[in-house]
Peer 1: 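Before anything else, here's the structure in question.
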Amino acid sequence: MSHLLALDPLLRGSVTWSVFVVVVIKVAVAFVILLVSVMLYIWAMRKVIADMQNRIGPNRAGPYGVLQTLADGIKLFFKEQSIPNSADRPVFRLAPYLSIMPAFLMFCVVPIGGTVSILGHQTFLQVVDLPMGALFILAMSGLGVYGVMLAGWSSGSKYPLLGSVRASAQLLSYEAAFGLAILGVLIQAGTLSTHEIVAQQSWTNAWSFVSHWFWLKTFVAFVIFLVAATAETNHPPFDLVEAEQELVGGFNTEYTGIRFAIFYLAEFMNVITMSAIAVTLFLGGPSGPGLGFLARDNVLNVWVMPVVWFVVKVLALLFATVWVRASLPRMRYDRLMSLGWKWLIEIAILWVLVTATVQVAIVEDWNRLVAASIAVGAAVAAYGVLYASMPKSGEQIEEFR
Amino acid sequence: MTEFYRQYLAVAVFVLAAFLMVGAMLGVARLLRPKVPQDEKYITYESGSDPLPLFGQMNVRYYIYALLFVIFDVEAVFIFPWAVNVEGLGWFGLVEMSAFVAVLLLGLAYVWRKGLLRWA
């Protein structure tokens with residue numbers, strides 16, 4: 001069991017006070033990073049979209065309007081709360097917690113650097129390296145559905161109910177494709193620990209970003225992951241959860257003041273953590289060239305450069321999400337569902353079998369090229385048969401009741 | 001407590017911290033915000049008109065996806081252990097998993113053929 005040996009050295013021995021302090025420091029830093037980055041991301045998003053639409057965007061609060069998000073947040077603290085009479089009050093109060101906790105927790109397992117030493121303890125630069133890290137990510141993204149669903153249901157109002165039922169159908173559909181896309185990486189990596197996954201994508205030569213990072217080896221899974229993650233975070237073009245024109249505001253229509261702010265925070269935090277997870281799984285996490293003219297154990301190479309590479313990659317993905325938000329119109333609901341169920345899930349699952357065949361071919365010493373071509377051919381044929389035997393758009397079929 | 005579970009200590013601290021932070025946000029807001037009750041404020045929003053009684057039924061189509069999801073989620077439970085040990089299980093595991101996926105896709109094909117994945 002190789003992955004059990006790679007546990008975080010910090011928590012390998014007994015838990016002393018100084019170990020506990022290190023854990024608390026890591027948790028506190030992760031919180032600060034998350035909250036500050038959400039604040040900056042919302043500002044940057046508004047600014048970039050404004051530029052793309054030839055507007056000025058926020059420019060009043062702070063230099064270049066950078067404190068705009070903070071100002072909005074503070075304003076919401078002072079807003080009166082109204083819980084509708086028809087609401088289920090305990091659930092209504094619980095839903096914001098359910099929505100934001102998974103958004104926070106998902107960031108736990110994301111490695112943002114290599115192995116460092118804090119207060120004399122060797123530890124990984126991530127909050128925790130769970131042996132089941134990939135499953136933890138899936139579990140948390142699954143839990144996010146509860147917040148959305150219960151918020152809409154407990155409001156006792158029509159639009160939120162419609163919005164939440166529709167949102168849970170969307171989130172569940174893409175959850176399946178999301179999990180199958182992660183499988184592509186797991187087959188390559190052979191472990192569930194995020195630290196191990198990143199370690200296997202480490203930077204060994206100038207071509208590591210092609211040969212070691214998983215994005216090219218699992219290219220189809222990478223593309224499916226990006227689409228599914230966009231849908232999971234309710235990000236445009238998949239933001240049907242809060243389609244203003246049809247649903248007023250979606251599941252959070254009845255929420256006001258600070259509770260609304262928490263939903264808002266959770267939504268953007270999800271975008272950031274999802275980008276971080278995409279970087280971890282497919283783009284090598286903190287791996288990147290170090291400063292060659294310094295020693296390998298120099299503080300810049302150990303602490304700074306991995307974090308810089310991680311941040312650069314996450315920023316690139318975040319910029320792409322903003323770009324998509326500015327460019328694409330919202331999808332129609334039926335197209336959203338057929339994209340998920342008729343394309344992504346099938347392609348993802350067949351791709352899992354193709355990559356597995358190649359892995360097995362390497363172990364069993366078969367001809368890799370022949371095995372890969374047979375697998376791809378079989379997958380395409382399987383999908384073709386599936387698709388060809390399906391009802392055509394005009395075809396009459398017995399209605400389901 | 002084994003080494004395996006000790007890793008979750010950090011998760012527990014993280015959960016506690018997140019809980020406290022959200023609680024603090026709600027608590028501070030409770031101290032700061034005004035409270036001026038008026039009956040109209042507690043009516044649900046319905047584009048400005050008086051709300052009609054809440055309907056009790058929801059289109060069954062939404063639930064189909066939830067049911068289908070359960071199938072694919074259970075399937076993932078079976079595939080994950082195999083996926084992390086593909087090389088160890090070799091061609092035998094590959095054949096087994098292909099058969100499993102084929103059965104699963106047959107189920108999906110049935111649902112599709114029955115027209116449940118159509119939204120109109």
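Values below: every heavy atom of this structure, side chains too, minus hydrogens, waters and symmetry copies. Residue numbers start from 1 in every chain, and the chains themselves are labelled A, B, ... in the order their sequence lines are given, proteins ahead of strands. On a predicted model such as this, the values are computed, not experimentally measured, just so you know.
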Peer 1: Please classify the contact of V36(B) with chain A as side chain, backbone, both or neither, using a heavy-atom distance under 4.5 Å.
Peer 2: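 Contact with chain A: backbone and side chain both.
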Peer 1: Please determine, among L138(A), L353(A), T355(A), L135(A), the option with the most heavy-atom pairs under 4.5 Å with chain B.
Peer 2: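 Maximum pair count with chain B is reached by L353(A).
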Peer 1: May I ask you to test the R33(B)-I258(A) pair for a side-chain heavy-atom distance under 4.5 Å?
Peer 2: yes
Peer 1: What part of V15(B) gets within 4.5 angstrom of chain A, counting heavy atoms only: side chain, backbone, both, or neither?
Peer 2: both
Peer 1: Which atoms of L68(B) come close to chain A, meaning under 4.5 Å heavy atom to heavy atom: side chain ones, backbone ones, both, or neither?
Peer 2: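 It is both, since atoms from each part get that close.
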Peer 1: What residue, out of A361(A), A356(A), A176(A), has the most heavy-atom pairs lying under 4.5 Å from chain B?
Peer 2: A356(A)
Peer 1: Ring pair (Phe, Tyr, Trp, His ring centres under 6.0 Å): which pairs involve residues 80-102 of chain B, sequence neighbours left out?
Peer 2: F78(B)-F100(B)
Peer 1: Tell me the closest heavy-atom pair linking K79(A) and P34(B), and the distance in Å.
Peer 2: C-CD, 4.5 Å
Peer 1: Hey, what do you get for CZ (R113(B)) to CG (L386(A)), rounding to the nearest 0.5 Å?
Peer 2: 11.5 Å
Peer 1: Could you list the residues that satisfy ring-ring contact (aromatic ring centres under 6.0 Å, His included) with F107(A), not counting sequence neighbours?
Peer 2: none
Peer 1: Parallel, tilted or perpendicular, judged at 30° and 60°: which one describes the rings of F14(B) and F104(A)?
Peer 2: perpendicular
Peer 1: Checking heavy atoms, do the side chain of L89(B), its backbone, both or neither come under 4.5 Å from chain A?
Peer 2: neither
